[in-house]
Novice: 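Let me give you the structure first, and then I'll get to my questions.
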Amino acid sequence: MNPFTYSSVTAVEDAVRDNASHEGAAYIGGGTNLLDLMKENVARPTHLVGLNKLPLTAIEPTPEGGLRLGALATNADTAWNEEVKRRYPLLNQAILAGASPQLRNMATNGGNLMQRTRCYYFYDTATPCNKREPGSGCSAIGGFNRIHAILGTSEQCIATHPSDMCVALAALAATVRVSGPSGERTIPFEDFHRLPGNTPERDNNLEPGELITGLDLPAKGFEKNFSYLKLRDRNSYAFALVSVAAALELDGNTITDARLALGGVAHKPWRDQEAENLLKGQPATPETFARAAAKVVEGAQGYGSNNFKIELARRAIVRALKQAAEGSQHASDVFLNSNP
Amino acid sequence: MLHPSTSSAAGAAGVAAPPPTGTVRLTINGQQHTLQIAPWTTLLDALREYVHLTGTKKGCDHGQCGACTVLVNGKRINSCLSLAVMHEDHDITTIEGLGSQSTLHPLQQAFIDHDAFQCGYCTPGQICSAQGLINEGRAHTEEEIKEHMSGNLCRCGAYAGILNAVKEVVDAKSNEVKR
Ligand SMILES: Cc1cc2nc3c(=O)[nH]c(=O)nc-3n(C[C@H](O)[C@H](O)[C@H](O)COP(=O)(O)OP(=O)(O)OC[C@H]3O[C@@H](n4cnc5c(N)ncnc54)[C@H](O)[C@@H]3O)c2cc1C
Ligand code: SF4
Ligand code: FES
Ligand code: FES
């Protein structure tokens, strides 16, 4: 790691001010992604603003009937929170499908949104990478790209966003609350992460120095019919090759509302509202699910080693929707994930 | 807080000197330690290199193996992906704090009884992780224990023994509670 100074802050305003007053500063939450990247010399902050004493660990109801998740609440405390388990079991499932118990005890909700891609070339400073060094080229295109994106890619970058939690947050239509040098604002989850386009160095739309303070979940939690299906090389402690967050609202066998978001396939958690619209008002049948799945992968493009993801995603969507319709998943039922 | 030194020692060539070391106070296994360390010292390196508690192991140094697992306020974490300075007000427990050579911790005894290791390199992390699992109180069945222990790899493949050892202590705990 490169040398840096460290300060610990206890108020949001101090965090923002301390960050702004140090050139090359970065916030640190749990450190599970940032320290890893610093050890690899991919991230080289000269000053760290330690957030773990900020009073942002609460998980509490919002005036609108939803739930606010503090940015500094750990992924573990969030997943196992009673209200999250009862009202947003999809989020409980997605968080528990990620990383390990130790990492989830450290990882914060803010840091989870901000974690960077696991593209091997991004991590390897000896290779060109537009995300790490804009203009240097993309080693994954034409290289090893088994874990890479099939949707929303650009000629500059085909990396994926690796988070599981964020896939559920996209499906649940959360709102990101931020505080920065020019005040507070909220960002709808879908507008938070970006597609690579010509600026793959930017993962999201946070402005320099802005701090995530919390996440608001809307009242509707799809607690009856949901599924987080994660497919990966081993059954635990591995990133998703493809994951699907599916949530349905049913009236008898008719779908009255639907949410569908994918992980492991794009530079951002990939919510497809057109596919959701194909589900709404339709009977919850394999045919309906297949139509929605076909819509999602319609424009998908493989890059060689990741071609398999297109068919994998299509089938995973159908299976996740079926599980959601059956109501066969329960909060913290993590072992059902990869079983049909 | 790390206090910057008063001397400004910028190098003659205009290269800034690395920021100075600072004082970090850690409570480890119930004992206070005052360390002079640089802010980039991980909790793992602080434990091993500065407090000389070498029971905690460095496997991957990247959060991928669990060998460095310790308990912070009773919760298991990977000490390799955390800075020592982030833990000033916390209670840290390492394998040295769980048992001693004369009085083994029930998990240590169970690991011996069930042949739950070969080289032993992953064992301190496995045991701290298992203690964290027990503190959490969420894993009871074999399937649950497997999933909740998945953050600890064993290159010798002693998984079957590890599972049996942890299961035995988990079962004993739940019987205790019932009685
Ligand atoms: C071995 C391993 C396996 C993993 N497997 C999975 C997996 O399967 N699924 C999954 O989803 N994740 C996985 N992860 C990733 C893990 O979930 C993230 O590293 C974690 O969520 C990051 O949170 P943190 O608090 O530790 O972030 P940090 O490392 O502290 O920070 C990450 C980034 O966020 C910024 N940041 C932190 N907090 C804020 C804030 N409040 N406002 C603005 N910026 C902020 C930091 O500056 C930094 O750039 C894995 C990680 C490891 C090491
Ligand atoms: S896919 Fe993106 S992150 Fe990976 S090498 Fe290409 S530009 Fe870099
Ligand atoms: S050394 Fe920390 S997880 Fe491997
Ligand atoms: S006993 Fe050798 S790595 Fe586990």
Novice: For B:Asp89, which atoms come within 4.5 Å of any heavy atom of chain A: side chain, backbone, both, or neither?
Specialist: side chain
Novice: Side chain from CB out, backbone as N, CA, C, O: work out which of these in A:Asp36 comes under 4.5 Å of a heavy atom of chain B, or both, or neither.
Specialist: both
Novice: Count the heavy atoms belonging to other residues, nucleotides or ligands that lie under 6.0 Å from CZ of A:Phe144, then report whether that count exceeds 12.
Specialist: no
Novice: If you define the side chain from C-beta out and look only at heavy atoms, does anything of A:Thr32 sit under 4.5 Å from B:Asn78?
Specialist: no
Novice: Under a 4.5 Å heavy-atom cut-off, does chain B meet the side chain of A:Leu48, its backbone, both or neither?
Specialist: side chain
Novice: Above 12 or not: heavy atoms from other molecules or residues under 6.0 Å from CD of B:Gln36?
Specialist: yes
Novice: Rounded to the nearest 0.5 Å, how far does OH of A:Tyr237 lie from CG of B:Asn152?
Specialist: 7.5 Å
Novice: Taking the side chain as everything from C-beta on, heavy atoms only, tell me whether B:Thr42 gets closer than 4.5 Å to A:Met1.
Specialist: yes
Novice: With rounding to the nearest 0.5 angstrom, report the CH2 to CZ distance, A:Trp80 to B:Arg138.
Specialist: 5.0 Å
Novice: Under a 4.5 Å heavy-atom cut-off, does chain A meet the side chain of B:Ser82, its backbone, both or neither?
Specialist: both
Novice: May I ask you to test the A:Asn2-B:Trp40 pair for a side-chain heavy-atom distance under 4.5 Å?
Specialist: no
Novice: Step through the shown structure and confirm whether more than 12 heavy atoms of other residues, nucleotides or ligands are within 6.0 Å of CD on A:Glu133.
Specialist: no
Novice: About how many Å separate CD1 of B:Ile77 and OG of A:Ser100, when rounded to the nearest 0.5 Å?
Specialist: 11.0 Å
Novice: Below 4.5 Å from any heavy atom of chain A, which atoms of B:Leu133 appear? Answer side chain, backbone, both or neither.
Specialist: neither
Novice: Taking atom CD of B:Glu88 and atom CG of A:Asn52, what is their separation to the nearest 0.5 Å?
Specialist: 10.5 Å
Novice: For B:His62, is there any backbone N or O sitting under 3.5 Å from a side-chain donor or acceptor partner on A:Lys39?
Specialist: no
Novice: If you measure from OG on A:Ser8 to CE on B:Met86, what distance do you get to the nearest 0.5 Å?
Specialist: 9.5 Å
Novice: Measure the shortest side-chain to side-chain distance between B:Lys75 and A:Gln102 over non-hydrogen atoms and say whether it is less than 4.5 angstrom.
Specialist: no
Novice: Between the main-chain N or O of B:Arg76 and the side-chain N or O of A:Asn105, is there a donor-acceptor pair closer than 3.5 Å?
Specialist: yes
Novice: In terms of heavy-atom proximity below 4.5 Å to chain A, should B:Cys68 be classed as side chain, backbone, both, or neither?
Specialist: neither
Novice: Consider only side-chain N and O atoms of B:Glu147 and A:Asn235, and report whether a donor and an acceptor are under 3.5 Å apart.
Specialist: no
Novice: Does A:Leu34 reach the side chain of B:Leu81, with side-chain heavy atoms less than 4.5 Å apart?
Specialist: no
